[in-house]
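Numbering of ligands and ligand atoms starts at 1, following listing order. None of these values were measured; they are calculated from a predicted model.
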Amino acid sequence: MLGRVNHVAIAVPDLAAATAAYRGTLGATVSAPQALPEHGVTVVFVELPNTKVELLEPLGADSPIAAFLEKNPSGGMHHICYEVADILAARDQLVQGGARVLGNGEPKIGAHGKPVLFLHPKDFFGTLIELEQV
Ligand SMILES: CC[C@@H](C(=O)O)C(=O)SCCNC(=O)CCNC(=O)[C@H](O)C(C)(C)COP(=O)(O)OP(=O)(O)OC[C@H]1O[C@@H](n2cnc3c(N)ncnc32)[C@H](O)[C@@H]1OP(=O)(O)O
Ligand SMILES: [Co+2]
């Protein structure tokens, strides 16, 4: 089912400061910010030779990462995104296996313009998993 790691995500309280640290201190290539109101976040991507790091900050009053940042005020590792070839087949197989798909269970279009889904962190050893169809 799982393909490549598409990205590892870090939730941050201040996206501009995090971007400056990755671009300046770490010398990385960082994309321009993308506001994604339907996801309640603004993100940038740190381009790496073998994968990406997604830096995300809350956008709007009911961002799904607000509580995470309350618990982790300086930020923290938020999720890992695996690529899948067929997100609906993956979802159905996971649900059959007892995993909880977050939201209404239907994929949303993510930052890369591809369908994404999230799996409950409590079902995968305290790690929030995102699946992205590529
Ligand atoms: C940019 C678009 C897209 C992309 O293309 O890449 C994105 O990445 S969007 C990223 C933001 N969107 C999401 O994260 C959507 C899925 N997430 C959620 O629905 C919620 O964050 C959540 C997972 C349901 C948690 O919401 P929260 O308000 O924190 O609920 P709880 O406080 O009830 O948390 C339940 C339980 O889970 C623990 N938790 C929360 N977040 C994480 C996490 N990122 N990693 C691990 N564990 C997490 C939380 O601590 C609670 O645990 P207990 O306290 O032990 O009960
Ligand atoms: Co993501």
Side-chain angles (χ1 to χ4, degrees):
M1 176 189 297
L2 299 183
R4 299 182 319 157
V5 172
N6 181 273
H7 61 271
V8 174
I10 301 172
V12 299
D14 179 341
L15 190 59
T19 299
Y22 268 80
R23 194 177 275 152
T25 313
L26 292 169
T29 301
V30 185
S31 73
Q34 271 178 276
L36 295 162
E38 67 281 10
H39 289 276
V41 293
T42 302
V43 303
V44 298
F45 282 95
V46 179
E47 301 297 333
L48 301 165
N50 64 330
T51 188
K52 297 180 183 67
V53 166
E54 181 181 68
L55 304 175
L56 57 158
E57 75 174 4
L59 175 63
D62 51 359
S63 171
I65 69 168
F68 180 91
L69 281 168
E70 276 164 34
K71 288 178 190 154
N72 308 278
S74 53
M77 300 279 276
H78 186 261
H79 63 269
I80 185 166
C81 180
Y82 300 112
E83 294 178 354
V84 293
D86 181 337
I87 200 161
L88 295 179
R91 176 201 58 192
D92 295 347
Q93 188 180 330
L94 287 157
V95 168
Q96 265 176 352
R100 287 171 284 177
V101 176
L102 297 174
N104 66 4
E106 291 308 313
K108 282 171 138 177
I109 298 304
H112 298 131
K114 305 279 182 57
V116 300
L117 277 176
F118 287 87
L119 307 177
H120 202 288
K122 291 298 178 193
D123 295 340
F124 293 97
F125 316 104
T127 304
L128 179 62
I129 290 178
E130 178 182 8
L131 301 179
E132 177 174 329
Q133 179 171 295
V134 294

Quick one: hydrophobic cluster around V116, which other residues, with the 4.5 Å side-chain cut-off, linked directly or via members? L102, F118, L128

Would you confirm whether H39, through its side chain, and V41, through its main-chain N or O, come within 3.5 Å as a donor-acceptor pair? no

Could you check whether any side-chain N or O of T42 sits under 3.5 Å from a backbone N or O of L59, counting only pairs where one atom can act as donor and the other as acceptor? no

Count up the protein N, O or S atoms sitting under 2.8 Å from the Co ion (ligand 2), would you? 4

Quick check on F68: does its CZ atom have over 12 non-hydrogen neighbours (other residues, nucleotides or ligands) under 6.0 Å away? yes

Pairs meeting criterion side-chain hydrogen bond (donor to acceptor under 3.5 Å, both in side chains) with involvement of residues 91-103, two or more places apart: R91-E106, R100-D123

If you group Ile, Leu, Val, Met, Phe, Trp and Tyr by side-chain heavy-atom gaps below 4.5 Å, do V44 and I65 land in one group? no

To the nearest 0.5 Å, tell me how far M1 CE sits from D86 CG. 10.0 Å

Gap between atom NZ of K114 and atom CD of Q133 - 0.5 Å precision: 9.0 Å

If only side-chain N and O atoms count, and only distance matters, is there a donor-acceptor pair under 3.5 Å linking E54 with H78? no

Contacts for ligand 1, heavy atom under 4.0 Å, by chain and number, are H7, L36, H39, V41, V43, E54, L56, P64, I65, A67, F68, K71, H78, H79, L102, G110, A111, F118, P121, K122, G126, L128, E130

